[in-house]
Amino acid sequence: MKYEYVINSPCKINLHLDVHNKRRDGYHNLTSIFQLISLQDRIYAKINNTKTITIVGDFDCSLEDNLIYKAGKKFYNKLGIKEEIDFCIEKNTPSGGGLGGGSSNCAAALRLLNTIYNKPLSDKELFDIALSLGSDVPFFLGSGTALVQGRGEIVTPLNTVKGYHVLVVNPSIHISTAKAFSLLNDAGVITENSSQNLGCIKDTYTQGIDNFSNFKNSFEIALFSDYTFINDIKTIMLEEGAAMAALSGSGSTMFGLFKHKSDSQRAKDRLTENRQYKIFIVEPLEDFPATEKIVF
Ligand SMILES: C[C@](O)(CO)[C@H](O)COP(=O)(O)OP(=O)(O)OC[C@H]1O[C@@H](n2ccc(N)nc2=O)[C@H](O)[C@@H]1O
Ligand SMILES: Nc1ncnc2c1ncn2[C@@H]1O[C@H](COP(=O)(O)OP(=O)(O)OP(=O)(O)O)[C@@H](O)[C@H]1O
């Protein structure tokens, strides 16, 4: 099939992720720094005449549960027109690994549809659809680096720190986000949502993140004893010269930031000994890529 449009759908790492109180709506407040990375899926699309949304791709969920499908449904519903789109996804990112791959696909589909139809929905309307589909989705409608607060709905752009290579290691272990949050509550690692804590993180970031000592991931502390890979992978990354190594989101993917690509390559070589691990060396991205029209 010939597709007419394509958009890249990059995933994210959480440079910092501090989980606070559980809210009345059941979600937790967060203070997090999200960074887009060049590990990305590719979403192809073309308008059809079958009054449906179809998706071709390698997914572990049903069509109706696919966040791309849900995004399409809400978009067409808001426009008040019949659905008419075929999607094909080249999936390069590991699913369910704390990299927000599904959330990114969801936002990419919204961006793509809004471009195809000449921007009928405002930024606010896209944002509302995004938040209704997942806490991480609004971030993927914005810039490459952001301070993310609330349950994910308060997104403040930050400058992207340059000069690091990102080693991403997915150990092929699925940790459900809801389960990770409940383990975190059991472990008692919830911190106060204070302006002092926030100021500290903002200062660390804006003054140059060569000093990562204030950055952490609350899930890492909660999951540490049950999942030994966290310590194993982290140790190897730090031994090979990573400036920082941490869990992304609620896991199970780990990442390391390296000043020198050769160091990240050495860490990769050592970690490759474990055949279960999917390993990538990628770069931080400053912006979400735009939709492209495919020229034949
Ligand atoms: C932990 C992170 O990966 C950090 O990037 C995200 O906040 C998770 O975001 P997400 O995957 O988009 O999560 P959602 O699909 O909105 O929620 C899945 C489940 O995670 C829990 N959840 C999620 C986000 C949040 N701020 N508080 C929560 O308690 C809730 O139990 C929720 O039912
Ligand atoms: N387009 C999609 N791509 C991948 N997974 C999807 C998609 N739509 C729905 N899902 C479902 O969402 C689950 C989680 O996938 P995802 O890659 O977003 O996890 P994650 O990186 O842990 O997300 P987060 O960090 O947002 O919690 C998958 O196992 C899959 O069943």
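Any value given below was found using the heavy atoms of this structure, including those in side chains, with hydrogens, waters and symmetry copies removed. Atoms within each ligand, like the ligands themselves, are counted from 1 in listed order.
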Novice: Could you pull out, from Tyr27, Phe219, Phe181, Phe34, the option with a heavy atom nearest to atom 32 (C) of ligand 1?
Specialist: Tyr27
Novice: Which heavy atom of the protein is the closest neighbour of atom 28 (C) of ligand 2, given with residue, atom name and distance?
Specialist: Asp60 OD1, 3.5 Å
Novice: Is ligand 2 under 4.0 Å from a heavy atom in the side chain of Asp65, in the backbone, in both, or in neither?
Specialist: backbone
Novice: For atom 8 (N) of ligand 2, what is the closest protein heavy atom, and at what distance to 0.1 Å?
Specialist: Leu67 N, 2.9 Å
Novice: Return yes when Lys91 approaches ligand 2 closer than 4.0 angstrom through a heavy atom, no otherwise.
Specialist: yes
Novice: Report, in ascending order of atom number, the atoms of ligand 2 lying under 4.0 Å from any heavy atom of Phe59.
Specialist: 1 (N), 2 (C), 3 (N)
Novice: Looking only at non-hydrogen atoms, find the nearest pair between Val137 and Leu133 and report the distance.
Specialist: CG2-C, 4.2 Å
Novice: May I ask which of Ala180, Gly134, Ser182 has a heavy atom nearer to atom 15 (O) of ligand 1 than the others do?
Specialist: Gly134
Novice: Below 3.5 angstrom, do we get any N/O pair linking Asn14 and ligand 1?
Specialist: yes
Novice: Taking the basic N atoms (NZ, or NE/NH1/NH2) and the acidic carboxylate oxygens, is any pair closer than 4.0 Å for Lys51 and Glu84?
Specialist: no
Novice: So which protein heavy atom does atom 21 (O) of ligand 2 come closest to, and at what separation?
Specialist: Gly100 N, 2.7 Å
Novice: Rounded to the nearest 0.5 Å, how far apart are OG1 of Thr235 and CD of Glu240?
Specialist: 11.5 Å
Novice: Do the side chains of Lys74 and Glu83 get close enough for a salt bridge, i.e. N-O under 4.0 angstrom?
Specialist: no
Novice: Show the atoms of ligand 2 that are less than 4.0 angstrom away from any heavy atom in Ser103.
Specialist: 18 (O), 26 (O)
Novice: Could you pull out the closest heavy-atom pair between His174 and Gly96, with the gap in Å?
Specialist: CD2-O, 3.5 Å
Novice: Out of Leu131, Asn185, Leu17, Thr177, whose heavy atom is nearest to atom 18 (C) of ligand 1?
Specialist: Thr177
Novice: Provide, to 0.1 Å, the distance between atom 16 (O) of ligand 1 and the closest protein heavy atom, together with that atom's residue and name.
Specialist: Ser135 OG, 2.6 Å
Novice: Closer than 4.0 Å to some heavy atom of Asp136 - which atoms of ligand 2 meet that?
Specialist: 24 (P), 25 (O), 26 (O)
Novice: Any idea which protein heavy atom is nearest atom 18 (O) of ligand 2, and the distance to it?
Specialist: Gly102 N, 2.8 Å
Novice: Among all protein non-hydrogen atoms, which one is nearest to atom 20 (P) of ligand 2, and what is the separation to 0.1 Å?
Specialist: Gly98 N, 3.4 Å
Novice: As an exercise, identify every atom of ligand 2 less than 4.0 angstrom from a heavy atom of Asn66.
Specialist: 1 (N), 2 (C), 7 (C), 8 (N), 9 (C)
Novice: Among all the protein's non-hydrogen atoms, which is closest to atom 27 (O) of ligand 2, and how far away is it?
Specialist: Thr177 OG1, 3.1 Å
Novice: If you measure from the Lys or Arg side-chain nitrogens to the Asp or Glu carboxylate oxygens, is any gap between Lys46 and Glu4 under 4.0 Å?
Specialist: no
Novice: Where the closest heavy atom to atom 4 (C) of ligand 1 is concerned, which of Leu99, Asp136, Leu133 has it?
Specialist: Asp136
Novice: Need the ligand 2 atom indices (1-based, order shown) with element for anything under 4.0 Å from a heavy-atom of Asn105.
Specialist: 1 (N), 2 (C), 3 (N)
Novice: Does even one non-hydrogen atom of Gly150 get within less than 4.0 Å of ligand 1?
Specialist: no
Novice: May I ask you to identify the nearest protein heavy atom to atom 5 (N) of ligand 2, giving residue, atom name and distance to one decimal place in Å?
Specialist: Ser95 OG, 3.7 Å
Novice: Tell me the closest heavy-atom pair linking Asn14 and Ser32, and the distance in Å.
Specialist: ND2-OG, 3.0 Å
Novice: For the hydrophobic clusters of this structure (ILVMFWY residues joined by side-chain heavy atoms under 4.5 Å, transitively), does one cluster hold both Leu67 and Leu63?
Specialist: yes
Novice: Check Ala108 against Ile43 and note the closest heavy-atom contact, atom names and distance.
Specialist: CB-CD1, 3.8 Å
Novice: Taking the minimum heavy-atom distance to atom 28 (C) of ligand 1, which of Arg23, His20, His28 ranks first?
Specialist: His28
Novice: Tell me whether the rings of Tyr164 and Phe212 are parallel (<30°), tilted (30 to 60°) or perpendicular (>60°).
Specialist: perpendicular
Novice: Taking the ring of Phe59 and the ring of Tyr69, is the distance between their centroids below 6.0 Å?
Specialist: no
Novice: Is the terminal nitrogen or CZ of Lys12 (NZ for Lys, CZ for Arg) located under 6.0 angstrom from the six-membered ring centre of Phe34 and within 45° of that ring's axis?
Specialist: yes
Novice: With hydrophobic residues grouped by side-chain heavy-atom distances under 4.5 Å, do Leu110 and Tyr44 end up in a single group?
Specialist: no
Novice: According to the interplanar angle, ranging from 0 to 90°, do the rings of His16 and Phe215 count as parallel (below 30°), tilted (30 to 60°) or perpendicular (above 60°)?
Specialist: tilted
Novice: Looking at ligand 2, does Gly249 have a heavy atom less than 4.0 Å from it?
Specialist: no
Novice: Would you verify that at least one protein heavy atom lies under 4.0 Å from atom 13 (C) of ligand 2, or report that none does?
Specialist: no
Novice: Show the atoms of ligand 2 that are less than 4.0 angstrom away from any heavy atom in Lys12.
Specialist: 25 (O)
Novice: Report the relative orientation of the aromatic rings in Phe288 and Phe140; use parallel for angles under 30°, tilted for 30 to 60°, perpendicular for over 60°.
Specialist: perpendicular
Novice: Nearest non-hydrogen atom to atom 10 (N) of ligand 2 belongs to which of Cys61, Gly57, Cys106?
Specialist: Cys61
Novice: Does at least one non-hydrogen atom of Lys12 fall below 4.0 angstrom from an atom of ligand 1?
Specialist: yes
Novice: Closer than 4.0 angstrom: is that true for some heavy atom of Phe139 and an atom of ligand 1?
Specialist: no
Novice: What's the shortest distance from atom 16 (P) of ligand 2 to any protein heavy atom, and which residue and atom give it?
Specialist: Gly96 N, 3.4 Å
